[in-house]
Amino acid sequence: MKNSPNNLQRRDFLKGSLALGASTLFMSSALGRTLSFLEGPADLVVRNAKVTTINPAAPSAEAFAVKNGLFYRVGSNSSMSYIIGPDTKVIDAKKHRVIPGLNDSHTHGVREGLHYGLELRWDWVSSVEEALAMLAEEVKHTPKGQWIRIVGGFSWEQFKEKRMPTLEEINKIAPDHPVYVFYLYAYGMLNRKAVEVLNYDNEPIDLYRKGRIEKDRMGRATGIITAAPSGLIMYKTLTKLPKKTKPQQVLGTRHFMNEMNVLGLTSISDAGGGGMQYPDAYDVIGDVHKQDLSTVRVGIHTFPQVGGREYADYKRWIGMIKPGDGDDMLKFIGGGENIAWAAYDYEIFAQERPNLEPNVKEVVMPIYKLLAENNWPWRQHITYNESAEILLDIYEEVAAGGGGKLPKGTFIDHGETFNERTLERIAKLDMGIAIQNRIAYQAEDFVKRYGAAKLAQTPPIRKMLDMGIPVGGGTDATRVSSYNPWYSIHWLATGQSRGGRQMYGEDNILSREEALKLWTTGSAWFTGDAGRKGAIQEGQLADFTILNQDYMEVPDALIPRTHAKLTAVGGRVVHAYGDFEKFSPPALPEVAPDWSPLYRTGDFRKLYMG
């Protein structure tokens with residue numbers, strides 16, 4: 001079956017989809033270089049705005065113009081007058097704050113699109129009481145036999161009760177529907193009906209390696225499945241649940257992109273994830289791209305799924321596709337975030353730090369060499385300094401065979417407990433670090449194990465920036481954290497956890513503009529787009545968002561409620577409401593399935609737009 005016509009067709013389709021726009025990618029870059037010589041009316045003008053450009057040479061503006069998908073002019077209201085023609089669309093920003101489109105440098109958005117509309121989200125919920133009320137509402141509307149699933153994006157720390165819901169509470173509310181609550185990558189909660197459907201009473205405790213099905217004295221499953229420390233048991237359990245049809249997945253991907261647009265997101269760097277076997281798992285995003293339905297720019301990476309097969313996978317993928325294939329809406333970047341399971345350290349801060357496998361060098365060295373020889377940049381999940389010290393030894397050995405450098409654009413994801421020496425080594429290799437607000441969901445667990453003093457530099461953001469290391473902002477959504485970028489920006493700009501703990505002092509807190517920079521020009525580096533997007537600057541891709549409130553001036557506590565009144569990608573408006581409703585594109589078809597939680601408890605779109 002490995003070489004069946006259907007499989008080959010899917011692989012050829014995705015490669016073709018990515019390669020389709022390679023010439024477009026080159027032309028738009030060339031256009032940026034000659035933009036100052038273009039004349040004539042703009043396609044779009046935004047004026048009467050408070051623009052934060054993230055261009056250090058001109059950090060603010062009143063207005064800007066777009067032509068051929070790029071920023072054409074940036075300046076004062078009056079400077080736009082001579083380029084407004086009879087066909088120019090003009091948007092009066094009504095003094096709203098306007099920023100470049102946000103770019104999540106580490107998320108799992110492609111995977112989320114496949115499931116969007118099936119999950120009940122607790123991202124914004126502030127109490128166990130409210131969370132259970134939402135669950136009860138879904139019990140009323142979910143058809144018999146269908147699952148109710150809450151798949152991450154929240155922390156018990158955000159609940160005023162400072163605890164998780166109990167299995168007793170969940171069983172009482174949902175005796176007849178299987179329910180799965182996925183908590184970070186630490187553990188899952190299965191009600192009795194879910195245990196029955198999965199037959200976990202009769203499965204062994206160690207059904208999946210480094211995970212546990214907890215059992216009582218009678219040998220019955222308690223309903224708790226635990227990462228020990230691998231989250232494999234958690235996402236293997238997810239794979240047993242009903243899936244959408246492919247047309248429903250295409251529609252779900254479009255709805256999730258729209259949800260991201262509502263939050264001001266215009267780009268993501270997708271880190272693959274469990275279940276995302278390349279190329280088959282990328283058929284849906286390929287279809288969305290091929291039909292020109294994408295409203296978020298996506299960079300993708302290859303993530304091996306099976307331990308022991310990683311080298312063979314990468315060797316096969318190198319023969320199929322190369323970094324840079326694609327266009328500005330869907331582009332292939334490189335390998336990762338998993339390079340090999342032997343080198344994977346899990347970020348469950350309530351548990352002891354896991355060690356890498358004893359044979360890690362034997363496993364990863366041939367893979368690193370293969371990637372370097374083929375000029376494939378890679379990203380690698382590394383949480384702990386102890387892991388980084390081992391892997392950087394191997395990186396440096398590989399780099400020594402390549403003039404002291406790794407493929408341009410190679411970087412590390414996470415880096416929560418890195419020390420200064422580790423940062424110096426990363427800087428010397430010209431690598432970047434993509435950071436996320438994962439720690440904001442586990443601050444209390446971290447303090448219990450490592451102390452508040454250690455938390456104050458977890459991760460050491462200011463030190464990374466002071467050393468000149470490229471740093472991108474992100475979430476690691478949608479399971480270990482929410483996909484809402486403003487939760488991450490709030491963390492960067494205040495140093496606060498989701499539960500309200502003041503984690504950092506002034507030496508590790510960013511200004512609001514610095515936080516925004518990490519989420520725009522900072523993240524652009526991680527897909528090879530530095531200088532091409534992330535700033536409202538002549539010649540860059542015209543991605544921008546008009547905000548509902550002035551992010552630069554609102555109180556800290558209101559930052560998480562920031563969202564977009566209007567979002568544009570390449571100058572094309574992909575979302576608008578309220579004062580800007582007349583610019584809104586046509587509504588999407590109704591989300592599937594027709595009993596989706598999105599119709600009731602909803603998402604951020606429902607929260608903000610009704």
Side-chain angles (χ1 to χ4, degrees), residues 21 24-25 27-55 57-102 257-258 261-262 264-267 292-297 327-329 520 529 531-548 550 564-587:
T24 305
L25 182 65
M27 286 190 296
S28 64
S29 182
L31 180 58
R33 292 194 295 271
T34 60
L35 188 66
S36 60
F37 301 103
L38 290 177
E39 299 294 341
D43 300 328
L44 171 71
V45 166
V46 176
R47 60 187 181 186
N48 197 26
K50 293 192 289 186
V51 184
T52 298
T53 67
I54 311 297
N55 174 11
S60 61
E62 291 181 312
F64 55 84
V66 175
K67 191 176 181 71
N68 293 351
L70 304 177
F71 290 114
Y72 177 37
R73 297 287 186 270
V74 181
S76 64
N77 287 325
S78 60
S79 68
M80 300 297 132
S81 301
Y82 77 100
I83 54 173
I84 295 176
D87 296 321
T88 301
K89 182 185 294 183
V90 178
I91 298 175
D92 180 354
K94 305 180 190 297
K95 298 295 184 181
H96 281 267
R97 179 68 61 180
V98 181
I99 63 171
L102 299 177
M257 285 185 168
N258 182 242
N261 296 150
V262 168
L265 282 158
T266 57
S267 294
D292 196 26
L293 298 173
S294 296
T295 62
V296 173
R297 304 183 191 278
D327 61 18
D328 288 327
M329 294 306 296
T520 51
D529 291 311
R532 297 195 64 249
K533 67 181 179 182
I536 298 178
Q537 182 175 348
E538 293 176 8
Q540 293 206 20
L541 294 169
D543 303 342
F544 64 89
T545 183
I546 301 176
L547 299 178
N548 69 307
D550 193 339
K565 286 276 190 170
L566 180 147
T567 300
V569 177
R572 176 170 65 98
V573 176
V574 295
H575 153 72
Y577 87 104
D579 296 340
F580 306 99
E581 182 72 34
K582 67 179 180 179
F583 301 106
S584 179

If you measure only the distance, is there a donor-acceptor pair under 3.5 Å linking the side chains of Ser267 and Lys533? yes

Looking at [Y] and [X], is there a salt bridge between them, counting it only when a charged N and a carboxylate O are closer than 4.0 Å?
X	Y	result
Asp579	Lys94	no
Asp543	Arg297	yes
Lys50	Asp550	yes

Return the CG to CG distance between Asp43 and Asp87, rounded to the nearest 0.5 Å. 9.5 Å

Atom CD1 of Ile99 and atom CD1 of Ile536: how far apart are they, to the nearest 0.5 Å? 8.0 Å

Main-chain N/O of [Y] paired with [X] side-chain donor or acceptor, under 3.5 Å:
X	Y	value
Thr88	Ala42	yes
His96	Ala49	no
Glu62	Asn48	no
Thr53	Ala58	yes

Which is it for Thr567 and Val262 under the side chain to side chain contact (heavy atoms under 4.5 Å, CB included) test, yes or no, and what are the steps along the way? CA-CA 7 Å; Thr567 300; Val262 168; over 6 Å; no

Full working for side chain to side chain contact (heavy atoms under 4.5 Å, CB included) between Ile54 and Gln537: CA-CA 8 Å; Ile54 311 297; Gln537 182 175 348; over 6 Å; no

Tyr577 six-ring face occupied by Lys565 cation (under 6.0 Å, within 45°): yes

I would like to know whether Thr520 and Leu102 meet side chain to side chain contact (heavy atoms under 4.5 Å, CB included); could you show each step before the answer? CA-CA 5 Å; Thr520 51; Leu102 299 177; 4.2 Å; yes

Tell me if the aromatic rings of Phe64 and Phe544 count as close, with their centers under 6.0 Å from one another. yes

Quick one: do Thr545 and Thr266 satisfy side chain to side chain contact (heavy atoms under 4.5 Å, CB included)? Show the steps, please. CA-CA 9 Å; Thr545 183; Thr266 57; 5.9 Å; no

Just checking Arg97: does its CZ atom have more than 12 heavy atoms from other residues, nucleotides or ligands closer to it than 6.0 angstrom? yes

